[in-house]
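As structure tokens, the structure follows; a few thoughts come after it.
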Amino acid sequence: MPGKKQQPTTDAVEILDRRYFRDKPELEALLAEEEANAEIARKIYDLRTAAGLSQRALAKRVGTTASVICRLEDSDYEGHSLAMLRRIAEALNKRVEIRFVQSRKRA
């Protein structure tokens with residue numbers, strides 16, 4: 001709300017959010033995209049390691065190369081495809097589930 005004074009905070013994440021992202025929808029969208037990429041990469045890594053597989057072993061099950069798995073586990077990678085995620089899930093006896101959740105946009 002315009003004119004409403006913000007409460008002081010010592011929370012570093014809140015300070016960064018206020019300074020760099022709040023009221024900047026284009027930056028908020030970029031941040032959300034990067035968070036999603038990082039979450040996917042982390043999930044692939046966690047599933048692979050929980051299964052006790054190396055990148056090479058998972059790649060063999062998926063029918064690709066270890067370098068592709070390495071790229072998919074990189075949080076900076078932006079090319080995750082639903083088809084590849086399904087192949088990985090199948091190789092790990094899992095399934096991909098897609099959910100739509102409430103946006104963090106501010107009113």
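Residues passing the ring pair (Phe, Tyr, Trp, His ring centres under 6.0 Å) test with Y20, sequence neighbours excluded: none.
Within the 3.5 Å criterion, the main-chain N or O of A91 finds a donor-acceptor partner in the side chain of R61. For the pair H80 (side chain) and L72 (backbone), a donor-acceptor distance under 3.5 Å is present. A donor-acceptor pair under 3.5 Å is formed between the side chain of K24 and the backbone N or O of R19.
Ionic pairing of R18 and E14 is present here: one or more N-O contacts between side-chain nitrogen and carboxylate oxygen are shorter than 4.0 angstrom. Electrostatic pairing of R95 and E97 counts as a salt bridge here, judged by a charged N lying under 4.0 Å from a carboxylate O. A salt bridge is absent between R71 and E78; no separation between the charged side-chain nitrogens and carboxylate oxygens falls under 4.0 Å.
Residues L31 and V101 fall into different hydrophobic clusters, defined by Ile, Leu, Val, Met, Phe, Trp and Tyr side chains chained together at heavy-atom separations under 4.5 Å. In the hydrophobic cluster analysis, where Ile, Leu, Val, Met, Phe, Trp and Tyr join through side-chain heavy atoms closer than 4.5 angstrom, I88 is grouped together with L53. Under the 4.5 Å side-chain heavy-atom criterion for ILVMFWY residues, a single connected hydrophobic cluster contains both V68 and V96. Put simply, L82 and I44 are part of the same group of oily side chains (I, L, V, M, F, W, Y) that touch within less than 4.5 Å, one to the next. I15 and L27 fall into different hydrophobic clusters, defined by Ile, Leu, Val, Met, Phe, Trp and Tyr side-chain heavy atoms under 4.5 Å apart, directly or through other members.
The number of heavy atoms from other shown groups lying within 6.0 Å of CG (N93) does not exceed 12. Counting heavy-atom neighbours within 6.0 Å of E90 CD, excluding the residue itself, gives a total of 12 or less. Atom OH of Y45 sits in a sparse spot, with 12 or fewer heavy atoms from other residues, nucleotides or ligands closer than 6.0 Å.
Side-chain contact between T64 and R87 is present, with heavy atoms from C-beta onward closer than 4.5 Å.
When all heavy atoms of K94 and L47 are compared, the closest pair comes out as CE-CD2, 3.9 Å. Closest heavy-atom contact between A66 and A59: N-CB, 3.5 Å.
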### Query
Going through the checks in order, is the side chain to side chain contact (heavy atoms under 4.5 Å, CB included) test met by M84 and V62?
CA-CA 8 Å; M84 179 56 82; V62 172; 3.8 Å; yes

#### Entry: Working for side chain to side chain contact (heavy atoms under 4.5 Å, CB included), residues E73 and I69
CA-CA 6 Å; E73 291 181 357; I69 300 301; 3.8 Å; yes

### Task
Would you check, one step at a time, whether the test side chain to side chain contact (heavy atoms under 4.5 Å, CB included) holds for E28 with D23?
CA-CA 8 Å; E28 287 179 339; D23 299 323; over 6 Å; no

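Taken to the nearest 0.5 Å, the CD1 atom of I40 stands 12.5 Å off from the CG atom of D74. Separation of atoms CD (E34) and OG (S75) is listed at 7.5 Å; rounding is to 0.5 Å. Here the straight-line distance linking atom CZ of R22 with atom CG of L16 works out to 11.5 Å at 0.5 Å rounding.
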